[in-house]
Structure formats: C-alpha cells, structure tokens
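The basis for the numbers below is simple: all heavy atoms, side chains too, and nothing from hydrogens, waters or symmetry mates. Lettering follows sequence order; numbering is per chain, from 1.
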2 protein chains.
Amino acid sequence: MVCLYFEKNRIVNRYVTYRRKGKPLQTPETAKPRETLHHQRSRETREVILQAAIGCLDEYGYSETTFAKVQTAADVSRGAITHHFPTKQALVAETARLLLENVMRPFERRQANPRTEAEPVHDLIMHSWKRMVASREGRAFVEILVACRTDRVLQDMLRDGLTEFDRRSGASITRLYDGHGPDADDAALLWAIFRSFCRGLIIHQQFVSSPDDIHRLLARFAQIMEKELFVRDPPASENPRT
Amino acid sequence: MVCLYFEKNRIVNRYVTYRRKGKPLQTPETAKPRETLHHQRSRETREVILQAAIGCLDEYGYSETTFAKVQTAADVSRGAITHHFPTKQALVAETARLLLENVMRPFERRQANPRTEAEPVHDLIMHSWKRMVASREGRAFVEILVACRTDRVLQDMLRDGLTEFDRRSGASITRLYDGHGPDADDAALLWAIFRSFCRGLIIHQQFVSSPDDIHRLLARFAQIMEKELFVRDPPASENPRT
DNA sequence: AATATTGCAGACCGTATGGTCTGTTTGTAT
DNA sequence: ATACAAACAGACCATACGGTCTGCAATATT
C-alpha cells in the first residue's frame, strides 16, 4: 500500500550561498583588444576541466569518468562543467581533440622549420612511445578510442577529426622518412602499424611481470622497423638553399 | 510539501506465477553416471549466458554490458544470471576464461598431434587475425582487457589466467616457429608483438574508410613478419619415428 | 513416499549518474 | 548609472544499474 503526495514541479529553489571560486580576476596589464576577461576566464576553466578529464580517463576509464569525478579533480562546480560541455560525449570529444592537437604539435613545428634533422628510426620509436603513448595522455586517448567503438554519439563526434589526424600524421612521417615497401606512402603505412602496436601494448602493459618485458617488445619492434623505415636522404626538392 | 506513506520493509511478496523456461528436460538416452540432469541443465544455462555476454561485450562494450542486456540476449531470468555469476566482474571474468580456452584449443590440438604441419607465416597471421581477433570473440576480449586496466577487481580475477595464457601461447608458437632475433624465445616475442598489433588494429578499425585499409596494414605486417619468423625445420627431437 | 538440494524466477532497494533548470555574480556595453 | 549577457553555482530529478532476497518447481537422495 503506497500513498504519495507530491507537489510536483512546484518546489521553489531555497536560499543558497553562491561563491565564485578562484581569484577575483583582476584586469591584467595588457588586456588584449577583443580578448575580454570573460573569454580569458572561460578558456582557463575549460582548460582545467579538460586536464582533469584526461586524468580521470587515465585513472578510471571512460565509463567511470563521471561528471562528479571530473568536478572533484578540476575543483570546479558542476555548473561550470555542464556550461562548457553539455554532455559527457562533448566533454570527451573535446578532450580527444586537445590530445590530438598536442600530439601533432611537434610534427607541425618540425614541418615549419624544415632544416631540423629527422631522428634515427630507433629513437623515433622510443621517443614516440614514451611521449605519446605511455603517458596519461596516451592512456586516456586509448580509452576514448575504445569507447568510440560502441558509443555511436562519440564516434560521430570524432570520426572526422581522427581520420584527419591519421592523414596528417602519415603525411608528416612520409615527409621525413621513406619505407621499403612497394607503395609510395609506405612510411605512412608503417607508422600506422606502429601506432596500432602501441595501443595494443598499452592494453597489454598491465599484465606483464616487469616493465622490462615491455621494453623488450618495443626494442624488438624498433629493430624490425629499422630494416623497413629510413630517414629520407635528400632534404632537397623544396627550399634547396644552404 | 511532501508526504509519503510507505509500508517500508513490510511489502510481502505477492502472488507470482513462476514458469520454468525451456523444455521439461526429459532424461536423455545415455545419462552419464555422475552427470545428473541438474548438472547438465546448469551447464547449458551457463553457456547460454556466457555466449550472450560475448555478444553484449562486442556490441555494447564493457560498461554498457549490463545484467539486463545479458538477460535479454540470453533469454533467461535475472535470477539465472546472478545464480551462476554473483557479480558483473565474475561474469566477465568467466567470459574471458572461455574466450582464452577457445583460442588455445587449436594450438593444444596441434601440440597433441605433433605431425601436423605448421602453416606458412603469412597464412598464420591472416588466419589468426580472422579467427581470433576480427570476430565477436576478439572484440569482446579487447573490451575485457581494456576494462581490466581500470577495474581492479576484474584485473585481480584475470591476471593469473592471462599471464598463463601468454606463456602457453608463446610456448606453442616457439614449438613450431623460430625467430631471427637474438633470444631463444624470439618467436614468442614476435608473437606477442603480433597480438598487441592486432588489438590496436581492432581499435583502429572503426576509423578507416574501407576494409581494404585494414587489409593493407595486415598484409604489410605479415610481409615484415615473414622476414623474422620461420617454420621450424626439424620436427625431430621428440617423437622421431616415421 | 518423504525429504533435501539444486537451479532458477523475479520483486525489491540503495545508490549513482547524466542531464536540466533556476538563480547569482561578475564583467561588458550603452 | 543602467541594462544586458556571459560564466558560473548548485539543487533537483528520472532513470537505470548492481546486488540481495525470498520463493518455488524440478531433481536427487534416503
């Protein structure tokens, strides 16, 4: 026997003490013309939230990355998060975009400065693993990718960005390295193989007894790659001075 | 203004029609001695649930694989599931064990019949990808592995089984193939690299434009492996007759 | 035939989660 | 000075999930 009396939709908000967290946001010495304080603060909060999301994704995985946990990690209010990212997928998609951007930056920088030397293949592999993959960011990214497989909404948000990333990433490698395979874009192919291997390795990592096991796998892979991938000899063609 | 009248903790179970689904379970012609009908039915239900779990993991991913969905997919009652698997982690862990067993079976069979020929490396790679990885089972397994990274309970349930699988899997390969690398167990190392690559490829798969792109990656990888991995020449040593 | 056990059926519950909504404060435009 | 908009702050809610519990029918045992 259940008897409910609800005043549905008539509950009025009670008194609440609102407090704005953080400093009162003094106007900085050089306030850029159209960069208002609103914009600036908004961007800062956004950044804090995204960094917290990366941490949560790494630590808890996609499904356990909740608004509540991000809120705690970022030390912002619930409203701040939902203001910037209306849904969970939007938050994660933006996180992914940030991660991709960070990964691409070094490549683009090298491209802008064409006289920098390409690393030896072995170093390239080892550095890429350490910087891009075996890190908070790399693990968070794998979580996002895996979530995409079964979350249609998230997948639709990210598909274009990711294929674009694949393309640019492959192009950057092809500019500096050359492969032994038949196709002209063999370096890009090898690079895609390397990335897949890395992502699988992240998943595998937790079950090896010692970190050395991972290093052995990686070293062996690098050894193989050294036979297939080469630093492109002639940096000529375009910009041939010096 | 809220007014609740609950008969808390005094709600007595009402009349319920219990219906046992499935056939009335006639005694089969050859009832094994200690294999009672109870055991048989129990195993059947268990199998149905596990298969449904595999399907859900593939289709929805780990976190969206709920008791409710498994229940629907298996067409069993909620009670049946919780009876066999008290927690979600237990269900998934058992699913993982089943998957590992299925993957190992062909290897063990070959081991039991030592005169079967080893496949060429290229075929080994292609077959393994198709059978073990690019399938409902393979995708479900990747979901489980990824979930393990951040789910401590699940991880503890599976760690031993997975390291054991790695060991046996590597040993099986080493028995049939030999690697070019310095170490004696180089074939096992290469095989571990292949598996990580495959898992990464599953994640990558969703973002390629055509299935052909995956095939190119795989073919290139197989081509590389053909230079590193060889069918072991002498099938002698043990069992040297014929 | 009587009793015990196994294998299941499904109601129930506390909790957490994604999302919405209203209110407030701070900065901006007029 | 005043009106307006942006950027939060946090209460609120429907829903669904994992897990527990009681009940019952089919087998098994004695």
I'd like to check the side chain to side chain contact (heavy atoms under 4.5 Å, CB included) partners of B/Lys69; sequence neighbours left out, ordered by chain and number. B/Cys56, B/Tyr60, B/Glu64, B/Thr66

When you measure from the side-chain N and O atoms of A/Thr45 to the phosphate of D/dC8, is any distance below 4.0 Å, counting only OP1 and OP2? yes

Can you find a side chain N or O atom of B/Ser77 that sits less than 4.0 Å from OP1 or OP2 on C/dC8? no

Separation of A/Phe67 atom CZ from C/dT15 atom P, in whole Å? 23 Å

B/Ile144 and B/Leu158: side-chain contact (heavy atoms from CB on, under 4.5 Å), yes or no, with the steps? CA-CA 10 Å; B/Ile144 297 175; B/Leu158 282 178; 3.6 Å; yes

About how many Å separate CH2 of B/Trp129 and CD1 of B/Ile125, when rounded to the nearest 0.5 Å? 11.5 Å

Euclidean distance, atom CZ of residue A/Arg78 to atom P of D/dG10 [Å, nearest integer]: 13 Å

Taking atom P of D/dA16 as reference, at what distance in whole Å does atom NZ of B/Lys88 sit? 15 Å

Just the rounded figure in Å: distance from P of C/dG18 to CD1 of A/Ile81. 10 Å

Roughly, in whole Å, what's the span from CD in A/Gln71 to P in D/dA11? 10 Å

Is the shortest side-chain N/O distance from A/Thr82 to OP1 or OP2 of C/dG18 below 4.0 Å? no

Would you kindly check whether a donor in the side chain of B/Arg43 faces an acceptor in the base of C/dG7, or vice versa, at under 3.5 angstrom? no

Atom-pair distance (CD on B/Glu44; P on D/dT27), nearest Å: 12 Å

Upstream residue (5' side of DNA chain C) when B/Ser42 and A/Thr87 are each assigned their closest nucleotide: B/Ser42

Min side-chain heavy-atom separation B/Tyr62-A/Thr150 under 4.5 Å: no

Consider the side chain of A/Ala80, meaning its heavy atoms from C-beta on, and name the nucleotide among C/dT28, D/dC8, D/dG19 that approaches it most closely. D/dC8

Sequence neighbours left out, cut at 3.5 Å: what donor-acceptor pairs do the side chains of residues 189-200 of chain A make with other protein atoms?
residue	atom	partner	partner atom	Å
A/Trp191	NE1	A/Ser169	OG	3.1
A/Arg195	NH1	A/Asp166	OD1	2.9

Atom CD of A/Glu64 and atom C1' of C/dG18: how far apart are they, to the nearest Å? 14 Å

Looking at C/dC8, I'd like to know if its phosphate oxygens (OP1 or OP2) sit under 4.0 Å from a side-chain N or O belonging to B/His84. yes

Donor-acceptor pair (no angle test) under 3.5 Å: B/Arg46 side chain, C/dG7 base: no

N/O-N/O pairs, protein side and nucleotides 1-4 of chain C side, under 3.5 Å:
none

Answer with yes or no whether the side chains of A/Arg46 and A/Gln51 bring together a donor and an acceptor at under 3.5 Å. no

Gap between atoms NE2 and P, on A/His83 and D/dC8 respectively (whole Å): 6 Å

Report yes if a side-chain nitrogen or oxygen of B/Arg41 is closer than 4.0 Å to either non-bridging phosphate oxygen (OP1 or OP2) of D/dA26; otherwise report no. no

B/Leu98 side chain near B/Ile54 side chain, heavy-atom distance below 4.5 Å: yes

